[in-house]
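Please read the structure below before turning to the comments.
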Amino acid sequence: MSSIISASDIKNISTENLIILDARAGKEAYQNYLKKHLKGARFISLDKELAEIVEDASFGGRHPLPDLKKFTETLSNLGISNDSDIVIYDDKYGANAAARAWWMLKAFGLNNVKVLDGGIQAAEKEKLEFSSGIETFSKSDFIKIKNWLLPLSSLEDVENELTNYSATVIDVRDSYRYKGESEPIDLVAGHISGAINIPFSENLDHNGSFLKPDILKEKYSAFLKGLPHKLIIHCGSGVTACHTILALHEAGFEIPNLYVGSWSEWSRREGKKVATEI
């Protein structure tokens with residue numbers, strides 16, 4: 001079953017269990033939500049609900065996963081239950097925080113979770129119904145799980161896998177950041193020594209929609225030919241990496257490991273190997 005849904009297909013969802021999540025991120029995200037969002041959409045915050053920001057990003061990175069108990073409360077507050085049909089969108093074609101929310105919900109054991117292909121821009125083009133202001137809805141009961149149910153890798157795991165050449169570590173940031181030409185967010189430019197670069201933009205066509213599964217499969221099979229089969233995906237802070245995890249899942253690959261700390265953790269940790277291509 002696909003984890004990506006088109007704006008036109010949303011019109012055909014008639015279930016009363018549908019929950020739409022607005023996962024736009026950035027300083028003005030909530031204000032933008034209040035101004036305009038898909039009718040009935042519930043706002044989910046990257047910094048407050050999809051992550052648990054810590055003072056020292058050298059341990060966990062800029063967007064570490066929240067405590068499972070806290071995320072359980074988030075799901076309850078959003079009215080999400082086990083039988084909810086969930087559609088998530090953002091304004092960066094899924095790479096802002098929608099894919100991160102998808103990963104976390106899947107890792108929490110929820111099955112009916114999809115990302116809106118093309119984001120809010122596609123919804124606007126399809127002339128879906130929008131609203132503004134605060135939405136009201138009821139809370140739900142949710143049972144906490146003990147561990148995230150999708151595979152994760154720690155900084156130490158990444159280092160060991162690279163040392164043993166037992167996994168392929170993929171950096172999905174833009175190539176200029178990977179090469180170390182400049183770094184707009186983190187403190188150090190460059191990349192994890194031994195990681196390869198496949199920017200998340202490789203998952204999209206010129207319209208900002210995900211490529212078809214067969215095309216994604218062909219592309220990634222070519223990228224990964226001759227490399228270790230185990231995959232560890234990272235980005236700057238474990239958010240955009242989920243976009244590539246979603247793309248690989250659509251292409252029929254086994255869901256790879258997510259390195260949540262990503263470059264924001266690795267580049268701050270003393271003694272870790274950093275490489276550039278300048």
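Position 1 is the first residue of the sequence; numbering continues from there.
You'll find the side chain of P64 reaches within 4.5 Å of the side chain of V54, heavy atoms only. Contact of the H243 side chain with the R100 side chain is not registered, since no non-hydrogen atoms from C-beta on lie closer than 4.5 Å. Between Q121 and Y93, some side-chain heavy-atom pair lies under the 4.5 Å cut-off. Within the 4.5 Å cutoff, no side-chain heavy atoms of L65 are placed close to those of E52. By the 4.5 Å heavy-atom criterion applied to side chains, V172 and I198 are not counted as neighbours. Counting heavy atoms from C-beta on, the side chains of I88 and L105 come closer than 4.5 Å. A heavy-atom distance below 4.5 Å is found between the side chains of L50 and I44. Contact check for I232 versus I170: no side-chain heavy atoms found under the 4.5 Å cut-off.
The shortest non-hydrogen separation linking A98 to D90 is N-OD2, 3.0 Å. Shown here for A7 and A122, the closest heavy-atom pair between the two residues is CB-O, 3.7 Å. Between E202 and K219, the shortest heavy-atom contact is OE1-NZ, 2.6 Å.
Put simply, OG on S81 and CD1 on I19 are 6.0 Å apart, with the number rounded to the nearest 0.5 Å. Atoms CD1 and CD, on I192 and E265 in that order, are 9.0 Å from each other to the nearest 0.5 Å. In this structure, OH on Y259 lies 13.0 Å from CD on E161, to the nearest 0.5 angstrom. Expressed to the nearest 0.5 Å, how far CH2 of W103 lies from OG of S3 amounts to 14.0 Å. Taken from CD1 in I245 to NZ in K106, the straight-line distance is 12.5 Å, to the nearest 0.5 Å. Here the CG-CD distance, from N203 to E250, works out to 10.5 Å after rounding to the nearest 0.5 Å.
Although no hydrogens or angles enter the test, the distance criterion places a donor-acceptor pair under 3.5 Å between the side chain of D117 and the main chain of F210. Proximity of a side-chain donor or acceptor of N164 to a complementary backbone N or O of S166 within less than 3.5 Å is not detected. Side chain of D171 to backbone of I196: no donor-acceptor contact under 3.5 angstrom is found. T276 places no side-chain N or O within donor-acceptor distance of the main-chain N or O of G180, the cut-off being under 3.5 Å. Of the possible polar contacts, none joining the D174 side chain to the Y176 backbone as a donor-acceptor pair under 3.5 Å is found. Checking side-chain atoms of W266 against main-chain N and O of K273 turns up a donor-acceptor pair under 3.5 Å. R42 places a side-chain N or O within 3.5 Å of a backbone atom of L78 that can act as its donor or acceptor partner. Judged by distance alone, the side chain of S262 and the main-chain N or O of C235 form a donor-acceptor pair under 3.5 Å. Under the 3.5 Å distance criterion, the side-chain polar atoms of S84 are left unmatched by any main-chain donor or acceptor of I86.
The salt bridge (charged side-chain N to carboxylate O under 4.0 Å, His left out) pairs that include a residue from residues 10-21 are K11-E126, where partners are two or more places apart or lie in different chains. Applying the ring-ring contact (aromatic ring centres under 6.0 Å, His included) rule to pairs touching residues 34-80 yields Y30-F43, Y33-H37, Y33-F43, F71-F108, F71-W148, sequence neighbours excluded. Residue pairs meeting the side chain to side chain donor-acceptor pair (under 3.5 Å) criterion with at least one member in residues 64-78, sequence neighbours excluded: N77-K139.
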Using the side-chain contact (heavy atoms from CB on, under 4.5 Å) rule, take I80 and F137 through it: C-alpha gap first, then chi angles, then the decisive distance, then the call. CA-CA 10 Å; I80 293 173; F137 46 86; over 6 Å; no
I would like to know whether T168 and K230 meet side-chain contact (heavy atoms from CB on, under 4.5 Å); could you show each step before the answer? CA-CA 6 Å; T168 300; K230 182 177 180 179; over 6 Å; no
Could you walk me through whether S45 and D47 pass the side chain to side chain donor-acceptor pair (under 3.5 Å) test, one step at a time? CA-CA 6 Å; S45 168; D47 290 339; 5.7 Å; no
Apply side chain to side chain donor-acceptor pair (under 3.5 Å) to residues N160 and T163 and explain how you reach the verdict. CA-CA 5 Å; N160 290 335; T163 298; 5.4 Å; no
Start with the C-alpha gap between E28 and K35, add the side-chain angles, then the distance that decides, and say whether salt bridge (Lys or Arg N to Asp or Glu O under 4.0 Å) holds. CA-CA 11 Å; E28 303 297 322; K35 290 177 184 176; 6.0 Å; no
Do V115 and L246 pass the side-chain contact (heavy atoms from CB on, under 4.5 Å) test, and can you show the C-alpha distance, the side-chain angles, and the key distance before you say yes or no? CA-CA 9 Å; V115 169; L246 173 56; 3.7 Å; yes
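No continuous path of hydrophobic side-chain contacts links I255 to V169 [ILVMFWY only; heavy atoms under 4.5 Å]. Linking Ile, Leu, Val, Met, Phe, Trp and Tyr residues whenever their side-chain heavy atoms come within less than 4.5 Å places I233 and F253 in a single cluster. One hydrophobic cluster, built from ILVMFWY side chains closer than 4.5 Å, holds both L152 and V113. The hydrophobic cluster containing L162 does not contain L231, counting ILVMFWY residues as joined when their side-chain heavy atoms lie under 4.5 angstrom apart, directly or transitively. In the hydrophobic clustering of ILVMFWY residues, with side-chain heavy atoms under 4.5 Å counting as a link, L248 and L150 come out together.
By the neighbour-count criterion of 12 heavy atoms within 6.0 Å, atom CD of E218 is sparsely surrounded, having that number or fewer from other residues, nucleotides or ligands.
The hydrophobic side chain of I278 is isolated, with no ILVMFWY side chain under 4.5 Å apart from it. Think of I10 as one node in a network of Ile, Leu, Val, Met, Phe, Trp and Tyr side chains linked at under 4.5 Å; its network also takes in I5, I13, L18, I20, L38, V87, Y89, L116, I120, L128, F130.
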Donor-acceptor pairs are to be reported for all side-chain atoms of residues 182-191 against protein atoms at under 3.5 Å, with residues two or more places apart or in another chain.
{"unit_1": "E183", "atom_1": "OE1", "unit_2": "R173", "atom_2": "NH1", "d": "3.3"}
{"unit_1": "E183", "atom_1": "OE1", "unit_2": "R177", "atom_2": "NE", "d": "3.2"}
{"unit_1": "E183", "atom_1": "OE2", "unit_2": "R177", "atom_2": "NE", "d": "3.3"}
{"unit_1": "E183", "atom_1": "OE2", "unit_2": "R177", "atom_2": "NH2", "d": "2.9"}
{"unit_1": "E183", "atom_1": "OE2", "unit_2": "I185", "atom_2": "N", "d": "3.0"}
{"unit_1": "E183", "atom_1": "OE2", "unit_2": "D186", "atom_2": "N", "d": "2.9"}
{"unit_1": "D186", "atom_1": "OD1", "unit_2": "R62", "atom_2": "NE", "d": "2.7"}
{"unit_1": "D186", "atom_1": "OD1", "unit_2": "R268", "atom_2": "NH1", "d": "2.9"}
{"unit_1": "D186", "atom_1": "OD2", "unit_2": "R62", "atom_2": "NH2", "d": "3.2"}
{"unit_1": "H191", "atom_1": "ND1", "unit_2": "Y178", "atom_2": "O", "d": "2.6"}
{"unit_1": "H191", "atom_1": "ND1", "unit_2": "A275", "atom_2": "O", "d": "3.3"}
{"unit_1": "H191", "atom_1": "NE2", "unit_2": "Y178", "atom_2": "OH", "d": "3.4"}

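Side-chain atoms of D56 and S58 form a donor-acceptor pair, as typed in the model, at a separation below 3.5 Å. D157 and S154 form a side-chain donor-acceptor contact under 3.5 Å, judged by distance and modelled atom types alone.
The aromatic ring centroids of W102 and H249 lie less than 6.0 Å from each other.
Using a 4.0 Å cut-off between charged side-chain N and carboxylate O, K39 and E129 make a salt bridge. Under 4.0 Å is where a charged nitrogen must lie from a carboxylate oxygen, and between D22 and R24 at least one such pair does. Ion pairing between E156 and R269 holds under the 4.0 Å rule for side-chain N and carboxylate O.
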